[in-house]
Amino acid sequence: MPTYAEIMEQEFAALEAAAVELDAAADGFENVATDYRRDVASVPGHEELWTGQSAQAASFQFSVTEQELDAAQAEARALAGLLRDGKGELTRMRDQLKAVVEDARAAGYEVTGEGRVLMNPDWPNDTELERLNQVRAEWQAQLDRAVEAVGQADESLHLALARFTAENDGRRAGIFNGAADDTADEVLAARAQELSGKLAAGEELSAEERAELLRLLELEAHDPEFARELLDGIGGEGFVALAAQVAGQGVGGEGDDARDFVVLGDHLRTLLATGTDVPNLQGFEHGQWGRTEQGRFYEQFMNELNEAGRAEYEVTGLTDTDVRGYQLIASIMNSGEADFSSRVLHDLADGVRAAEDPAMGGDPGIWSQGWDAAGLDGLDDADLAWFAVDPMDTMLGIMAQEPGTAASYLDPAGDNGRLEYLIDDREWSHMSLYVAPTRDVDVPTGQDGFGAALQAATTGVPAGELPRQLHLTERGDRIMELAYGKFSENDAALIADGGAFASLRPELARMTGAYMADVQFALSDMEIHPAPRGLNGLEAPEVTSFLMQLARDPEAYGIVTGAQQAYSALAVQDVLLDDERSPRASLNNAVQNALAPGAQVAGVLSAGRADAVYDLGVAGDQEHNERVDMIESWTEVILEEGVGRIAERFPVAGPVIEWGVGELSGSIFSTFERDNSDEAAEEAADGYYQDYLSAREAANNAVTIAAGGDESLARDLRNDADDAVRNHFRPTPEWDASNVERAGE
């Protein structure tokens, strides 16, 4: 691989000079071919010059020479084009390297002639040194990646030239290649297609051929033109057939050969993401793009891929029964990182739905797998970690990595019916447990992807990430409204214990925390600051049922409790900063009103948890305590959002900024930990009472901090806080208070 110094010295003039010479050679071959046709090839068969059998034999031989001269001309011109294509790519990569160097120097760092990024010797040796050195390491890594990119472009050109000169067009003499392609992408894709096509057809490659294919894909799979060339060559069916090889020989295999196939799966994922990348266009612009070469390729390939998605494939080595193409596609896509466009994820998910939705002619049992004493159709835990039994849930989980993609797919605007289908109509169980010859039992497949997509779409937080900032949108509002309406119906039966979507309670809790203003307003009919977003359809009885079911899950209970306490603390801060309320009586009333909605939410949550404690006979807090970091992160991000909005309303809100999130968060969790201790929830009645005490303490802490050191004001406001909790923290009429009494019987 070329070094940094070698790259920076190069202008790649030799490549251009060679291309010029090849163009001249092509012109020369063309002139020779013209003269040869006129002066030599035309002589045999001329009735005045040469006739007979010898003339016929000569004519045949002369025609071969003519063809080779034409082939020589074509190969020379194509080779010139290949060199110029390579030079352009090398120049582009080198210019990117130079840009990194310039940016590093502009940031104050030195870059040596060997490509080492150094600290500025004039910088003082102070507390900033460690941070500056970390930044230096980041610049070094970026520079090293740019050097590697040039090396990869150089190796790609080398491979293309090697393939180019080794091949011919199949003519009788076979000296030159008259059918040569004129770009490195086309040459390399043609070779990759040849090798991968053998694998897709079930043929074995030698170790050398496998290594060559993997090297080609490692160098070129990120290149859009190469990716489209190769995908166009193997087609959708070929792609899925390769995925089946990865599943059977990689995931289901052992040793070095298996590792090669696992690596092949990684390259297939990159290839699919790169080749199907669609610009984010709407309406007329997207229609125009669809008529381009890229647009036509996308439409054709996706039609092929969707057709292959429904087909059955034998995967010897992985499972005992045939699997569907969509399961293999989803497995490849989900087995590592790749930047898929929203369009391809949406199109594939819609294709999966069309294959399974009876209303669209699909079969709801299409993904079904059988489970017996040997496991799920022979799949062990490691296989199941890779294999996507439910491709729809897997696609939704991939979308959840990018909240905008999940939101645009689930958004009910436009009546696409996607979210309604997923909640109302979809069959979510795709595994059955063999019990007896005449009896199978459905086994839930899981809804992790669906829950992650809902959460990402409504909160703006990518799945699996600790929240740094909420990003609420109109799309998210519409999704939240529809999901809330569905999951709160019939006393929230869908998310009750044993309900079809009970597993989504933690995700629904995070969504509820993000929309706590609307939840408190719906329950209390009291509007406080920060203001709700105005969700439609939230009514007190449904909110009560919804919260009580969430509270039965320890993690969900913790998330919503932390969110309501955070929101209530912010409401108090907002009241005290509103300088329009000068009379103390008016202030006391405003503080009580600010705390009342949160107290109602706390009461409903505690009632639901008390029910769960009694029904289950356990405290149910261990799982929550193990996830306290995630719960605290969601509480803190809600505080961050609220403090920011208060600061916008009150530019001089110094105390809020000084106390910041840390003190408010510490205040909440000082009560929250006791609120969720095993001892406090040992019995339902005791747990409910402890929740009440914790709600009082949380409210007291909030007003004490908000008072900003004014002990007289704090003492007065603590009385108001106690009154607010005492008057509003109580079981709602829908909750049977006798439940908590039974726990002590």
Side-chain angles (χ1 to χ4, degrees), residues 2 6-7 10-34 36 65-97 149-171 173-196 212-213 215-234 271 274-275 292-297:
E6 291 171 338
I7 294 169
Q10 280 290 337
E11 292 296 333
F12 310 112
L15 295 176
E16 180 59 34
V20 170
E21 291 295 325
L22 284 165
D23 282 337
D27 291 340
F29 283 126
E30 184 178 12
N31 292 334
V32 170
T34 300
Y36 187 84
T65 303
E66 281 187 87
Q67 293 175 17
E68 285 305 312
L69 287 170
D70 290 340
Q73 176 193 164
E75 182 171 340
R77 294 199 191 283
L79 190 56
L82 181 63
L83 289 172
R84 289 193 174 98
D85 183 58
K87 179 195 173 186
E89 184 67 6
L90 285 166
T91 302
R92 186 174 69 86
M93 293 292 100
R94 185 208 55 196
D95 290 346
Q96 289 183 2
L97 172 60
V150 177
Q152 289 180 339
D154 179 59
E155 177 65 12
S156 293
L157 179 58
H158 167 258
L159 290 175
L161 289 169
R163 295 303 314 169
F164 194 100
T165 55
E167 295 177 349
N168 60 63
D169 58 4
R171 298 176 200 236
I175 300 172
F176 299 106
N177 185 5
D181 296 308
D182 60 0
T183 70
D185 288 326
E186 291 170 342
V187 173
L188 296 176
R191 178 56 177 167
Q193 179 185 340
E194 177 186 350
L195 296 172
S196 59
E212 182 183 0
L213 176 60
R215 181 62 175 159
L216 282 169
L217 293 174
E218 179 184 358
L219 291 171
E220 298 295 323
H222 290 89
D223 183 285
E225 292 185 11
F226 172 90
R228 287 191 292 270
E229 283 283 341
L230 181 52
L231 291 176
D232 187 43
I234 63 176
L271 193 71
T274 305
T292 65
E293 182 179 350
Q294 293 180 22
R296 289 192 296 270
F297 157 77

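None of the values given here were measured: they were computed from a predicted structure. As a basis for the values below, the full set of heavy atoms in this structure was taken, side chains included, without hydrogen atoms, waters or symmetry mates.
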### Query
Side chain of Arg228, backbone of Phe297: donor and acceptor closer than 3.5 Å?
no
Side chains of [X] and [Y] in contact at under 4.5 Å (non-hydrogen atoms):
| X | Y | value |
| --- | --- | --- |
| Asp154 | Glu89 | no |
| Leu230 | Leu217 | yes |
| Thr274 | Asp223 | no |

Write down the atom of [X], the atom of [Y], and the distance for their closest heavy-atom approach.
| X | Y | value |
| --- | --- | --- |
| Asp23 | Ala80 | OD1-CB, 3.4 Å |
| Pro2 | Glu6 | CA-OE1, 3.3 Å |
| Ala221 | Ala227 | O-CB, 4.1 Å |
| Leu83 | Ala18 | CD1-CB, 3.8 Å |

### Task
For side-chain contact (heavy atoms from CB on, under 4.5 Å), just list the numbers for Asp27 and Arg77, CA-CA rounded to whole Å, side-chain angles, deciding distance to a tenth of an Å, and then say yes or no.
CA-CA 9 Å; Asp27 291 340; Arg77 294 199 191 283; 2.8 Å; yes
Taking atom [atom1] of [X] and atom [atom2] of [Y], what is their separation to the nearest 0.5 Å?
| X | Y | atom1 | atom2 | value |
| --- | --- | --- | --- | --- |
| Leu22 | Arg84 | CG | CZ | 8.5 Å |
| Glu11 | Glu16 | CD | CD | 12.5 Å |
| Glu225 | Asp85 | CD | CG | 7.5 Å |
| Lys87 | Leu157 | NZ | CG | 12.5 Å |
| Ile234 | Leu195 | CD1 | CG | 12.0 Å |
| Leu15 | Thr91 | CG | OG1 | 8.0 Å |

### Task
Please name all residues satisfying side chain to side chain contact (heavy atoms under 4.5 Å, CB included) with Glu155, sequence neighbours left out, ordered by chain then number.
His158, Leu159, Arg215, Leu219
### Message
I'd like to know if Glu212 and Arg191 make a salt bridge, using a cut-off of under 4.0 Å between side-chain N and carboxylate O.
### Response
yes
